[in-house]
There are 2 protein chains.
Amino acid sequence: MSKDNEILVSLRGRLVNGQFDPGQRLQPEKLRTDYGCSASTLRETLFRLSTEGLVDFQEQRGFRVPRLSRKLQHELTLMRILLEGEGACLSIRLGGVAWEARLSAAHHQLSHIEMRVGSEPPAGHILELWSNAELEFHQTLIGACDSDTLKRTHRIIYNQFRQQLITTGQKFVFIPENVEQHKAILDAALDRDEPLIRRRIHDHLARNLMQPEAMPV
Amino acid sequence: MSKDNEILVSLRGRLVNGQFDPGQRLQPEKLRTDYGCSASTLRETLFRLSTEGLVDFQEQRGFRVPRLSRKLQHELTLMRILLEGEGACLSIRLGGVAWEARLSAAHHQLSHIEMRVGSEPPAGHILELWSNAELEFHQTLIGACDSDTLKRTHRIIYNQFRQQLITTGQKFVFIPENVEQHKAILDAALDRDEPLIRRRIHDHLARNLMQPEAMPV
DNA sequence: AAAAGCAACAATCTCGAAATTTTCAAGAAT
DNA sequence: ATTCTTGAAAATTTCGAGATTGTTGCTTTT
C-alpha cells in the first residue's frame with residue numbers, strides 16, 4: 001500500500017476515534033513528525049478527508065478538526081435513519097440465510113460486549129471495542145443491499161456521526177436501552193418485517209434527536 | 001480564490017458536463033497544459049474529485065473518468081428518490097412563502113426551456129442549459145430543509161448522476177413527460193402534500209430504474 | 001508458437017524549497 | 001484609549017525534480 005493510503009487510513013482512524021480535540025488545527029508541517037513524510041503528502045490526505053466531512057478546510061486558513069455541533073449531530077442522525085432504514089429494507093428483500101447468519105453473529109458479538117460493560121459507560125479501549133462492534137452490526141444490517149453507493153454514503157455519514165459522538169463524551173454513546181433495541185432490530189430483520197424494522201431503527205437512533213441538557217455543545 | 005480551488009470547480013464542471021470520455025485517463029502531467037499549473041496541484045484536485053465519485057482512482061494506476069454503468073445509474077436514482085423525497089417533505093414542513101416563490105420561479109424557468117426544446121432531445125449548449133435548470137429546480141425543492149448534510153449529499157449524488165446520464169447519450173436525458181411531471185411535483189409542493197410529493201418524485205425519477213434496450217452500456 | 005524473462009520507457013509517488021498569503025504584535029496617529 | 005499602519009513571523013499554496021513503481025515491446029527459452 002502506498003504511503004499516501006496508509007496515512008489516509010491512519011488519520012481517518014484517529015479522527016473517528018476522537019484522538020484529536022474538536023477545533024484543533026491539523027497542520028501538515030506538524031503532523032509530519034507523526035508519519036515521517038512530507039507536508040505535501042499530508043495536505044493531499046487532509047483534502048481527501050475534508051471531502052468526507054472528517055476535516056474542515058478553509059482556503060488559505062488550513063485544516064481543522066470539526067467542532068462539536070448539536071445541529072450537525074441532529075442532521076447526521078436523520079441521515080442514518082434514512083440510509084439504514086432503506087438499506088435494511090433492501091437487505092431484507094435481497095439477503096439470504098448467509099446474511100441472517102452474519103447479522104446474528106454481529107449481534108451476538110455486540111451484545112456480548114454490551115453485557116460485559118453493563119450499565120457503566122465504557123471508556124478508552126473498551127469504548128473503541130464497543131464502537132467497532134456497533135458499526136459492524138449496523139453495517140451488516142445494510143450489508144445485503146445491492147447498492148454500493150448507499151453503503152459508501154452510509155459509511156461516510158456514520159464516520160462523521162461517530163466523530164461527533166465519541167468526542168462529545170462517552171456517557172452519551174452508550175445507553176442501556178441499546179441492548180434491547182439492537183435485539184429488536186435483529187428480530188425484525190429475521191422476521192423480514194420492513195415497516196417494523198424501519199420503525200425500530202428510527203426509535204433506536206432517535207434518542208440522538210433530542211439530547212436535552214448536559215451536552216457540552 | 002486559490003488556483004487549487006479554481007481548478008477544482010473547473011474540472012468538476014467539465015466532468016459533470018460530459019466533456020471527457022468515460023474511461024479516459026486523467027493524467028496530471030497531461031492536464032497541466034489546460035491549467036498552467038504543476039502536476040502536484042492537479043493530483044490534489046483529482047483526489048478531491050475521486051472522493052466525490054466523479055473520478056476513479058486506483059493506486060499506482062492513476063485517475064480515470066468513471067465508466068458508464070447501468071448498475072451505478074440504478075443506485076444513484078434510488079439515492080435521488082430517497083434524498084429528494086425526504087428533503088422535499090422537510091421543505092414542505094419548514095419552507096415559507098419565500099420557498100414557494102423560489103420553487104415557482106425555478107419551475108417557470110425550467111418549463112420555459114422545456115417548451116422551447118419541444119420533443120426534440122436537446123444537445124450541446126441547450127442541453128447544458130436545460131440540465132442546469134433541472135438541477136436548480138430539484139435543488140430548490142429540497143432547499144428549505146434545514147439539513148446541510150442532506151443537501152451536500154444530494155449534490156454529490158446528483159453530480160454523479162448527471163455525469164453518467166449526460167455521457168450516456170442525450171436522448172435519455174430528456175423525455176417529454178418531464179414537463180407534466182415537474183408540474184405535478186410543483187403542485188404537490190404548493191399543496192404541502194407530503195405522501196403525494198414522495199410518490200411523484202419517485203414516479204419522475206423511476207424511469208431511470210429501467211431503461212431497457214438501446215443503452216450503450 | 002507460446003510463455004517467461006528482461007530492458008527501456010512512462011507514469012505515479014514523494015519530497016523539500018520557493019512564492020504567496022495570513023496572522024500577530026509593536027509603534028504611530030487620531 | 002482606540003484605531004491605523006507596518007513589518008516580521010508563521011502558515012499555506014505552488015512548484016519541479018528525484019525516487020519508486022507499473023507498462024510495453026523485444027529477446028530468449030521451452
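Chain identifiers are assigned alphabetically (A, B, ...) following the order of the sequence lines, protein sequences preceding nucleic acid strands; residue numbering begins at 1 within each chain. Computation of the quantities below employed the complete heavy-atom set of this structure, encompassing side-chain atoms and omitting hydrogens, waters and symmetry-equivalent molecules. Just so it is clear, the model here is predicted, and its values are computed rather than measured.
Arg61(B) comes within 4.0 angstrom of the backbone, heavy atoms only, and of no base. Among the atoms of the strands shown, only primed sugar atoms or phosphate atoms (P, OP1, OP2) are found under 4.0 Å from some heavy atom of Phe57(B).
dT12(D) atom C1' lies 17 Å from atom CE of Met1(B), rounded to whole Å. As a whole-Å value, the separation of Leu31(B) CG from dT12(C) C1' is 14 Å. Rounded to a whole Å, the CG atom of Leu42(A) is 15 Å from the P atom of dA11(D). What separates CZ of Arg32(A) from P of dA10(D) is a distance of 16 Å, to the nearest Å. Rounded to a whole Å, the CD atom of Glu59(A) is 8 Å from the P atom of dT14(D). The CD-C1' distance, from Gln27(A) to dT13(D), rounds to 14 Å in whole Å.
Between His182(B) and His108(B), the gap from one ring centroid to the other reaches at least 6.0 Å.
Taking a 6.0 Å sphere around CD of Gln109(B), one finds it holds 12 or fewer heavy atoms contributed by other residues, nucleotides or ligands. Around CZ of Arg152(B), the count of heavy atoms belonging to other residues, nucleotides or ligands within 6.0 Å exceeds 12.
Under the 6.0 Å distance and 45° angle rule, Arg80(A) counts as a cation-pi partner of Phe161(A). Stacking of Arg48(A) on the aromatic ring of Phe57(B) is recorded, both the 6.0 Å distance cut-off and the 45° axial limit being met.
Contact annotation: Lys30(A) side-chain N/O to dA11(D) OP1/OP2 distance is under 4.0 Å. Listed pair Thr41(A) / dC15(C) meets the phosphate criterion, a side-chain N or O lying under 4.0 Å from OP1 or OP2. Distances shown here put every side-chain N or O of Arg43(A) at or beyond 4.0 Å from the OP1 or OP2 atom of dA11(D).
In this structure, His74(B) NE2 and Ser69(B) OG are separated by 11.0 Å, a value rounded to the nearest 0.5 Å. Here the straight-line distance linking atom OG of Ser38(B) with atom CZ of Arg43(B) works out to 11.5 Å at 0.5 Å rounding. Atom CG of Leu90(A) and atom CG of Leu150(A) lie 7.0 Å apart (nearest 0.5 Å).
Closest contact between the side chain of Arg25(A) and the listed nucleotides dT12(C), dG16(C), dT12(D) involves dT12(D). You'll find that the side chain of Pro28(A) is closest to dT12(D), out of dC15(C), dG16(D), dT12(D). Picking from dT12(D), dT14(C), dT21(D) the nucleotide with the shortest atom distance to the side chain of Ser40(B) gives dT14(C).
Checked for salt-bridge contact, Arg207(A) and Glu177(A) miss the test: no charged N lies under 4.0 Å from a carboxylate O.
Across residues 44-56 of chain B, not one residue has a non-hydrogen atom less than 4.0 Å from an atom of DNA chain C. Less than 4.0 Å separates DNA chain C from at least one heavy atom of each of the following residues of residues 3-11 of chain A: Lys3(A), Asp4(A).
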